[in-house]
Amino acid sequence: MDNLPIMQVLPELIHILRSSRAAVLIAEPGAGKTTATPPAFLNEPWLEGKSILMLEPRRLAARSAAVFMSAALGESVGQTVGYRMRMDTKVSKNTRIVVVTEGVLTRMLQSDPSLGDVGLLIFDEFHERSLHADLGLALALEAQSVLREDLRILIMSATLDGDRVSDFLGGVPVVDCPGRTYPVETIYAPASGNLPLEKQASAAVRRALAEQSGDILLFLPGEREIRRTQRELELSMLPDSTVLRPLYGQLSQELQNSAVAAAVQGQRKVVLATSIAETSLTIQGVSTVIDTGLRRTQVFSPRTGMPRLETVPVSKASADQRRGRAGRTAPGVCYRLWSQEEHHRLPEDNVPEIMETDLAQLALELAVWGVRDPAALQWLDAPPAAPFAQGAALLRQLGALDARGAITPHGRSMAALGAHPRVAHMLLRALELGAAPLACRLAALLGERDPFRGPATLDCDLTLRVESLLRYEHSAADAGGVDPAALRVIQRESRNFLQQLLTVGSATATHPLSSPERHSLSSPERQSPSTLDRLSMSSPVDLSLIGLLLSFAYPDRIGQKRGEGAFVLSGGRGAAMSKGQPLERSHYIVAAAVDDKVTQGKIMLAAALEETQLLEYHADNITEAAEVYWDPESSSVKARSRTMLGSLVLKETSHNRPTPEEIEEVLLKVIAEKGLDVLPWEKGVQQLRQRMMFMHALRKDWPEMSDEALIGSLDMWLKPFLQGMRSLRDLNRVPLSRALEGMLNWNQRQMLDKEAPTHITVPSGSRVPVDYENPSAPVLAVRLQEMFGQVNTPMLGGGRIAVVLHLLSPARRPMQVTSDLASFWRSTYFEVKKDLKGRYPKHYWPDDPLQAIPTNRTRPVK
DNA sequence: CTCTCCCT
């Protein structure tokens, strides 16, 4: 241990922490930082009477670090060095170094924000930037600044940009430790053409088998790609000595072990792995790494509130970490299936978990801490607003937060359970119902991988899984299509949930468990501690409660049948299950897992819910709303009252009487949507509007009459005339002229008749209508003979606008258009006269029209 | 024939 590189920098680090409250240690993997650093501080004066807390991102790492440090001290675990993790704790009075996993640190900080006797808090593998590490650091920094000035914080990291963390912590010292890995040669080997991934990967494996010696580790994004590549390699002619070993998280322990273990003498091992082999597991004997440069990651979609899996390029940091796996014991080689140019475009680091995960749990932890706005704390990367708001909204729905966003007693119990808030809420409600053991099984089923395999997965009914689990618990044989290893994990997790629930349940049994708006329950009241003790996994199970329990966890995914296999969810989305399932006949279901499709999600897991259960247990969220609305079928305003649960219409009746105001409001909205054409624009009304437009063009204080303006002001001018109307047909009775005139004051009305008259009386005595269709150039169409004697063009707009005269023949054929009558009489008239005389010889066409007598006769004079 | 990885 003395020759580890870390030993050379520890004196400096010890020196720094004597005067600094925080430091950053950058050390490559293999430097020994995890096990050498904590004990180095045990004899520091500032740590006297205090202990060291070190955070590890994985249980395995935490346990083995504690074992290794204990062995170095010649002790067993739980003496000077111990660990704490869920369902497994080894510490004693003498323990001064405690290695903890992530959830434990959060719970410790929440139950004692001053961190009791902890003198040094170490974040190991901080570059992984897990949600809990980021949260832990934010909480610890506040604890340090408010409660514990003497608390020291050490950030340990491999590839992290140390300066950024140092700056974030206020410019604390950074210690850099050289690594102790062997050199690895990097070969960029981009695939030619657009080959499927499994072909690229298997070609690279064949190349590496030929060019290199030793075992090969191939990184692929997921299980599907691993299986396809394995098939591809099995079909190609590989040397007999080659063995293929898949490796991913869901694989059984035995198969994982056989992938990790050293190959048998004379064999060459090719391990096909997900990113599990990047940090979590070390594989013996690997000297060649092949990296496809892809990983699968979960992205939370705030739009739908659902998680979604995406295949994305790895970061440079990840790629380097993967490459490093070839140089653990000897110099190695790494093939990267991308080009050097592509490499430059890769992101430096992986996106921190806090940036793309569901933040409901984070929101709950912050509320327990007393913080509603994340900005109140310091973050390396602040939680993004949309997922945080979505999380807070869910917490309010579950009764964990009150209307002001403060934590409720129920919320505190939920946080103490340490499950996802949805699951925690379900467990606590189940406790009240006496259905805790069933809820624990559901919680485990939801948290773990589906135990069904193959075609069995097509039936999304969770009840079938529960039944299968119960058979497994009674060691009864199950039909095919079920994975016993998965059921074993689920059984273990169910028990853990029950134990956790009983601890939290009895701690809070003396005061109300749940939300303030909790309604009274018909079946068993809250459990007393003694009944809690009797609850066990062997209690009888009532399968009819599965849907109800799920509905506590997913109140936003209660589905109402609307078609074959299709459901509307209470949160507003549509979702469907694949055809032919018994569950599709249920009127109500709860969808526990829905994929993240834009229009219609696919239901992966669900259970039936009885309407009576829904009405009884979700009464708080059921609203009765009277609604006045437009019914397109009858084209009229109708009223109904609806019983709603979120977006679901549970019941609808159409009996109540809307008030006139409500009707008018809906009518106005429909007119605005459908446009003004639904109103009776008779000729005179149309002219009135055009006259008003003409006036508006001249005078700004007149109302604007465009479609847009009229629709914008319907409230003002039309509303008073809608009384008693309910349908499109009724609108034909609107006294539109009166309504339009109503927009004018008394003066304007006088002025309208004077300056934009409907008719002009011409010399013959006829009243000729003015055409205002073009409001900037009104037209007066009149027979030429009727204008004899009039010198000048008739004027409108108070003498400002000359009409456009359309002078007509006796048969009302247009002969001439002019806005200057005087000049017409002087010149053009004589040409027109010749023409007219030819065609209408018996009419009177005087040589001096200004002296002639005008006539409105259509027949020639005798 | 949907399913990266961890953790309270």
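Worth knowing before you read on, the calculation uses all heavy atoms, side chains too, and leaves out hydrogens, waters and symmetry mates. Below, chains carry the letters A, B, ... as their sequence lines are ordered, and counting in each starts from 1.
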* **Between dC1(B) (C1') and F452(A) (CZ): distance, integer Å** => 15 Å
* Asked: Is there side-chain contact between M54(A) and V98(A), with heavy atoms separated by less than 4.5 Å?
  -> no
* Asked: How close do L469(A) and Q491(A) get, heavy atom to heavy atom, and via which atoms?
  -> CD1-N, 4.1 Å
* To do: Calculate the interatomic distance between R449(A) atom CZ and dC7(B) atom C1'; express it in whole Å.
  => 19 Å
* Between L247(A) and R84(A), which is nearer to the 5' end of DNA chain B once each is assigned its nearest nucleotide? -> L247(A)
* Asked: Base, sugar-phosphate, or nothing: which does R295(A) touch, judged by heavy atoms less than 4.0 Å apart?
  -> nothing
* Asked: Out of dC6(B), dT4(B), dC1(B), which has the shortest distance to the side chain of T274(A)?
  -> dT4(B)
* To do: Give a yes or no on whether the backbone of E278(A) and the side-chain of S275(A) come within a donor-acceptor separation of less than 3.5 Å.
  => no
* To do: Can you figure out which of dC5(B), dT4(B), dT2(B) approaches the side chain of L309(A) most closely?
  => dT4(B)
* Compare side-chain N and O positions of R224(A) against OP1 and OP2 of dC3(B) and report whether any pair is under 4.0 Å apart. => yes
* Asked: By side-chain hydrogen bond (donor to acceptor under 3.5 Å, both in side chains), which residues pair with Q361(A), not counting sequence neighbours?
  -> none
* Asked: Between Q298(A) (CD) and dT2(B) (C1'), how many Å, whole number?
  -> 13 Å
* Rounded to whole angstrom units, what separation is found between the CZ atom of R228(A) and the C1' atom of dC1(B)? -> 11 Å
* To do: Using a 4.0 Å heavy-atom cut-off across all strands, classify M87(A) as base, sugar-phosphate, or nothing.
  => nothing
* Structure fact -> Rounded to whole Å, CG of L135(A) lies from C1' of dC6(B) at a distance of 16 Å
* Strand-adjacent residues in residues 55-62 of chain A, judged by heavy atoms under 4.0 Å from DNA chain B -> P57(A), R58(A), R59(A)
* **Set of residues satisfying side-chain hydrogen bond (donor to acceptor under 3.5 Å, both in side chains) with respect to R449(A), sequence neighbours excluded** => E223(A)
* Determine the contact category for E223(A): base if any of its heavy atoms lies under 4.0 Å from a base atom, sugar-phosphate if only primed atoms, P, OP1 or OP2 are that close, otherwise nothing. => sugar-phosphate
* To the nearest Å, give me how far apart CG (D450(A)) and P (dC1(B)) are. => 15 Å
* To do: Walk me through it: do E310(A) and R308(A) pass the test salt bridge (Lys or Arg N to Asp or Glu O under 4.0 Å)?
  => CA-CA 7 Å; E310(A) 276 183 4; R308(A) 166 178 79 231; 3.1 Å; yes
* Taking for each residue the nucleotide of DNA chain B bearing the nearest heavy atom, is the 5' side occupied by G103(A) or by M604(A)? -> M604(A)
* **Length of the CD-P vector between E310(A) and dT2(B), whole Å** => 18 Å
* Which part of the nucleic acid, if any, lies within reach of T106(A) when heavy atoms closer than 4.0 Å are counted: base, sugar-phosphate only, or nothing? -> nothing
* Asked: Does one side chain, of T311(A) or R296(A), offer a donor that lies under 3.5 Å from an acceptor on the other?
  -> yes
* When we call it a touch if two heavy atoms are under 4.0 Å apart, what does E278(A) touch: a base, just sugar-phosphate, or nothing? -> nothing
* Row check, F497(A) ring normal vs R86(A) NZ/CZ: under 6.0 Å, within 45° -> yes
* Asked: What is the distance from CZ of F219(A) to C1' of dC5(B), rounded to the nearest Å?
  -> 13 Å
